[in-house]
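Just follow the structure's listing: the first ligand is 1, and inside any ligand the first atom is 1. Numbering starts at 1 and runs along the sequence shown. These values consider heavy atoms only, across backbone and side chains, with no hydrogens, waters or symmetry-generated copies. Just so you know, these numbers come straight off a predicted model, no measurement behind them.
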Amino acid sequence: MNIIKCVLLFILITSFKLHSEVLVVFGATGDLTKRKLIPALINLYKHHQLDEDFTFIGIGRREISQSQFCDDISNFVSHGDKVIWNEFKEKVIYLQGSFDQDEIYKKLKDRLENKKNFFYLATPQSSFSPIVKKLHSHQLLTDARIIIEKPFGKDLDSARQLQKELYQHLEWKQIYLIDHYLGKEMVNNVLSLRFDNPILNSVWDYQHIDNVEITISEDIGIESRGSFWEETGLLRDMFQSHMMQVLSLIAMDKPISYSESDIRNEKVKILKAIRSFPLDNINNYIVRGQYDSYRKEKDVAANSNVETFVAAKIFIDNERWFNVPFILKAGKKLSKRFAEVVINFKLANQLILRIQPQEEIALVLNVPVPGYVHEVKKEELVFSLREKYQDSIREAYERLLGQALKDDHTSFVCCDEHLLTWGLFTPILNHWAQNPPSNFPNYMSGSEGPDLAILKN
Ligand code: BG6
């Protein structure tokens with residue numbers, strides 16, 4: 001080989017290395033890796049969405065070997081994906097270590113040279129800032145991206161503080177703040193559905209819409225997350241994040257384009273226009289609940305006042321939504337698992353966007369019944385994305401990881417957004433802390449939750 005060829009080969013090899021992807025997951029022995037991240041990566045790999053020399057590095061405190069780490073994951077891989085997992089696991093590395101010790105960062109550095117790195121912090125949020133500091137002190141943050149799970153902070157002050165600490169070492173565009181609801185197929189489609197159908201857009205306002213209901217109902221309880229839940233509660237876990245993200249997509253004005261910054265600008269405008277809750281009349285606007293067996297869950301205090309259900313009536317003070325109530329509901333241990341948005345039009349029609357368990361769009365119309373007597377019946381016309389596009393529907397984490405690895409922020413939460421939603425709910429959290437509920441637990445497992453008549457006033 002002549003010298004020119006050697007130089008070209010060298011350039012090719014080094015530049016190739018520079019662009020290869022490494023996803024490092026801190027807290028990799030937790031459930032998130034097995035249940036969500038690995039299945040998402042397997043799908044991305046299957047669809048050729050990962051670099052050929054993509055590497056997954058899992059970091060955990062547990063003293064297990066790499067093959068034990070992989071065996072543990074194997075139990076969660078679906079039957080149909082076993083063959084591809086066997087191929088994919090060649091890309092998996094497990095490093096044992098403690099996040100607050102330098103040792104693990106040194107081990108990482110040995111592996112990461114010349115790579116563009118993504119660090120996924122699947123740890124309790126108290127570790128976010130210490131991990132970032134360590135990564136910085138080991139010079140691992142240049143050109144890196146950090147992916148963080150919600151909740152980001154536990155109120156407005158702590159979110160600001162965390163943000164300040166991260167900003168000391170990172171720019172906002174290096175941070176990917178995950179709200180997995182934004183990765184769900186139907187949530188992802190809301191803007192296109194609204195704005196690519198002028199007929200919908202023309203009736204999307206207070207003159208035509210009576211109220212909007214957004215519901216995330218779960219039949220499971222808090223499962224084994226007692227300690228987490230006692231510190232978090234439903235308002236922080238689901239309302240400040242998932243519910244407000246869905247609300248902002250349903251309510252926002254048309255963005256100039258579907259670029260991440262144009263979408264974010266419109267979302268921020270809507271979040272700013274939400275009316276603050278009147279603290280002197282709070283019970284008419286927000287209801288909290290706790291399921292009957294919550295206080296008997298593992299790691300839960302016997303007199304806990306932490307909520308497992310929240311319903312709220314929200315108003316948006318702008319021209320489009322003048323006096324239209326948005327009724328938001330989310331809770332654990334309810335009668336069934338579903339998430340949906342219902343647009344209740346004035347005079348009878350409904351548009352329902354079903355997020356799960358099936359992705360469906362339903363239109364409720366008054367349809368005349370054939371016969372001698374004039375009779376009109378409500379009928380639902382349903383279009384099921386799940387049935388028609390079964391194989392193309394992407395799971396939330398697949399979409400989100402795929403976007404982050406491509407450096408696309410479109411489906412992630414931006415700093416202004418989560419500070420605005422913390423700003424809305426922090427007074428409620430404080431008010432609740434000062435005014436403990438007198439009626440907890442106040443709903444039965446398997447029911448529809450506590451009585452919400454008061455919200456209708
Ligand atoms: C998570 C919450 O963000 O979302 C959980 O922490 C909740 O408490 C979960 O169960 C619900 O997500 P999904 O996708 O099952 O509706």
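Near Gln356, the atoms of ligand 1 lying under 4.0 angstrom from a non-hydrogen atom of the residue are 13 (P), 16 (O). Of all the atoms in ligand 1, the ones that sit under 4.0 Å from a non-hydrogen atom of Lys150 are 1 (C), 2 (C), 3 (O), 6 (O). With ligand atoms numbered from 1 in the order given, ligand 1 contributes 5 (C), 7 (C), 8 (O), 10 (O) to contacts under 4.0 Å with heavy atoms of Lys332.
Scanning both residues, Leu141 and Gln174, for their nearest heavy atoms gives O-NE2, 3.3 Å.
The protein heavy atom nearest to atom 15 (O) of ligand 1 is Arg337 NH2, 3.8 Å. When only non-hydrogen protein atoms are considered, atom 2 (C) of ligand 1 lies nearest to Asp237 OD2, 3.1 Å. Given atom 16 (O) of ligand 1, the protein heavy atom at minimum distance is Tyr181 OH, 2.5 Å. Protein heavy atom nearest atom 10 (O) of ligand 1, with residue, atom name and distance: Glu218 OE2, 2.6 Å. Annotation: atom 14 (O) of ligand 1 to nearest protein heavy atom, Lys184 NZ, 2.6 Å. Among protein heavy atoms, atom 12 (O) of ligand 1 sits closest to His180 NE2, 3.1 Å.
Of the listed residues (Gln161, Lys164, Lys134, Glu165), just one forms a side chain to side chain donor-acceptor pair (under 3.5 Å) with Ser129, and that residue is Glu165. Checking Lys150, Gln245, His242, His418 one by one against Asp179, the side chain to side chain donor-acceptor pair (under 3.5 Å) holds for a single residue, His242.
For ligand 1, the polar-atom distance check finds an N/O of Arg225 within less than 3.5 Å of one of the ligand's N/O atoms.
Using modelled atom types, one finds no donor on one side chain facing an acceptor on the other under 3.5 Å when comparing Gln403 with Thr410. A donor atom on one side chain and an acceptor atom on the other are found under 3.5 Å apart for Tyr443 and Thr308.
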- Task: Give the intermediate values and the outcome of side chain to side chain donor-acceptor pair (under 3.5 Å) for residues Asp262 and Ser259.
- Result: CA-CA 5 Å; Asp262 288 338; Ser259 73; 3.3 Å; yes

- Query: Would Arg275 and Asp317 count as a salt bridge (charged side-chain N to carboxylate O under 4.0 Å, His left out) if you check the C-alpha gap in whole Å, the side-chain angles of each, and the deciding distance to 0.1 Å?
  - Reply: CA-CA 6 Å; Arg275 194 184 300 169; Asp317 287 328; 3.0 Å; yes

